[in-house]
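Only one structure is covered here, and it is reproduced in the block below.
Naming convention: chains lettered A, B, ... in sequence-line order (proteins, then strands); numbering from 1 in each chain.
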2 protein chains.
Amino acid sequence: MRDDLLDIGEVATLTGLAPSALRYYEEQGLVASEARHGLRRRFSREMVDRLRLIACARRAGFAVKEIARSLDMGLDSAGLRDRLAAKADRLDADIADMMRVRDGLRHAVKCEHEPFTSCPEFKAILNG
Amino acid sequence: MRDDLLDIGEVATLTGLAPSALRYYEEQGLVASEARHGLRRRFSREMVDRLRLIACARRAGFAVKEIARSLDMGLDSAGLRDRLAAKADRLDADIADMMRVRDGLRHAVKCEHEPFTSCPEFKAILNG
DNA sequence: CTGTCACTTCAAGTGCACTTGAGGTCAAGT
DNA sequence: ACTTGACCTCAAGTGCACTTGAAGTGACAG
């Protein structure tokens with residue numbers, strides 16, 4: 001088996017992130033790629049996992065710094081669990097919002113009202 | 001009953017949006033406040049509803065221009081329903097993502113692993 | 001008459017998350 | 001030996017969504 005270290009291009013395709021984004025994340029302290037082969041960054045499989053997590057959190061609306069904070073303080077510093085719980089709650093609220101919008105949209109698709117924004121049912125869904 | 005037109009400050013408190021954001025939305029064509037009392041914008045109740053919808057869509061991750069497009073083409077132009085359906089699908093994907101992150105976080109809160117990011121269960125939830 | 005207050009315009013500034021471009025390095029293939 | 005390709009750094013640029021600041025307006029209270 002080879003040395004199990006990937007270069008940035010491979011990591012990019014595995015994670016769906018652009019190489020420039022990976023460098024940016026490194027600069028922001030989200031990932032460490034200490035290992036280098038000459039100039040080239042080498043990423044471990046663990047880093048790929050970490051990056052997938054980061055990508056997921058980004059899609060979920062977390063800011064880069066926010067993710068950095070939660071990933072850094074590895075120790076169970078008093079606040080960490082609280083902050084994670086708070087983030088989960090925030091997500092619940094966001095999810096609820098999105099589900100309402102989604103249901104509103106699905107209604108709009110088959111709604112007769114013109115424009116759909118004035119449909120009472122549509123409004124009711126949004127203010128759910 | 002008074003003339004039922006609200007000024008920007010009232011609309012701001014009703015919608016939770018900053019006055020500057022309301023002016024920005026107007027500039028972007030999301031809302032019309034044609035009516036003016038002197039210099040001052042007067043918003044109708046309908047506009048307040050529309051703004052609430054916009055705020056909701058923004059929280060759901062839609063771009064301002066995207067919202068403008070969906071709200072503008074009031075006519076059932078061939079594409080509208082399709083685009084709304086596509087947006088709903090996109091939301092479903094985003095929601096799924098967020099639910100995974102949320103569940104991961106909730107697990108992390110009561111997880112023994114240090115750091116939680118290396119917990120297999122945590123990983124399983126995220127890739128679930 | 002004079003504040004004060006909530007609004008107005010317009011241009012410029014902010015913060016985030018990257019992206020792009022110029023110029024350079026390095027290993028491998030022809 | 002030379003080119004190609006994938007990488008590198010660093011500074012500057014981009015796009016979005018607002019926010020801020022300066023200078024002004026108009027109505028109303030004291």
Quick one: list whatever passes salt bridge (charged side-chain N to carboxylate O under 4.0 Å, His left out) with E46(A), sequence neighbours left out. none

Could you tell me which residues satisfy side chain to side chain contact (heavy atoms under 4.5 Å, CB included) with L17(A), sequence neighbours excluded, listed by chain and number? T15(A), L22(A), Y25(A), L51(A), A55(A)

Produce the list of close N/O pairs, under 3.5 Å, pairing protein atoms with atoms of nucleotides 1-3 of chain C; give distances to one decimal.
none

Whole-Å gap separating C1' (dT9(C)) and CD (E26(B)): 12 Å

Non-neighbouring partners of D97(B) that pass salt bridge (charged side-chain N to carboxylate O under 4.0 Å, His left out), sequence neighbours left out: R59(A), R100(B)

Computed from five pairs at either end and rounded to 10 degrees, the angle between the axes of the helix from dC1(C)-dG30(D) to dT30(C)-dA1(D) is 10°

Are E121(A) and H107(A) close enough that some pair of their side-chain heavy atoms sits under 4.5 Å apart? yes

Check whether any side-chain heavy atom of R42(A) sits under 4.5 Å from a side-chain heavy atom of L6(A), and report yes or no. no

With sequence neighbours excluded, what pairs up with F122(B) under the ring-ring contact (aromatic ring centres under 6.0 Å, His included) test? F116(B)

Between C1' of dC7(D) and CZ of R42(A), the distance in whole Å: 11 Å

Sidechain-backbone polar pair: T13(A) side chain, E10(A) backbone, donor-acceptor under 3.5 Å: yes

Just how far, in rounded Å, is P of dT9(C) from CG of L22(B)? 12 Å

From OG (S118(B)) to CG (D49(A)), nearest 0.5 Å: 10.5 Å

For E66(B), check salt bridge (charged side-chain N to carboxylate O under 4.0 Å, His left out) against everything at least two apart and list the hits. K87(B), R90(B)

Scoring nucleotides 23-29 of chain D by protein non-hydrogen atoms under 4.0 Å (B base, S sugar-phosphate only, - none) yields --SB---

Return the value, rounded to whole Å, for the distance between atom CZ of R23(B) and atom P of dC10(C). 12 Å

Interatomic distance where CG belongs to D7(A) and C1' belongs to dA28(C) [whole Å]: 14 Å

For R41(B), which contact category applies under a 4.0 Å heavy-atom criterion: base, sugar-phosphate, or nothing? sugar-phosphate

Please list, chain by chain and in numerical order, all residues satisfying side chain to side chain contact (heavy atoms under 4.5 Å, CB included) with A18(B), sequence neighbours excluded. S20(B), A21(B)

Give a yes/no on whether any side-chain N or O of R36(A) is located under 4.0 angstrom from OP1 or OP2 of dC26(C). no

Output yes when a side-chain donor or acceptor of R52(A) lies under 3.5 Å from a complementary backbone atom of L14(A), and no otherwise. yes

Using the salt bridge (charged side-chain N to carboxylate O under 4.0 Å, His left out) criterion, which residues pair with K65(A)? Sequence neighbours excluded. none

I'd like a list of close polar pairs between nucleotides 12-19 of chain D and the protein, N/O only, cut-off under 3.5 Å.
{"residue": "dA17(D)", "atom": "OP1", "partner": "V64(B)", "partner atom": "N", "Å": "3.1"}
{"residue": "dC18(D)", "atom": "OP2", "partner": "Y25(B)", "partner atom": "OH", "Å": "2.7"}
{"residue": "dC18(D)", "atom": "OP2", "partner": "R58(B)", "partner atom": "NE", "Å": "2.9"}
{"residue": "dT19(D)", "atom": "OP2", "partner": "S20(B)", "partner atom": "OG", "Å": "2.5"}

Suppose we screen for side-chain hydrogen bond (donor to acceptor under 3.5 Å, both in side chains). Which residues come up paired with D89(A), at least two apart in sequence or across chains? R106(B)

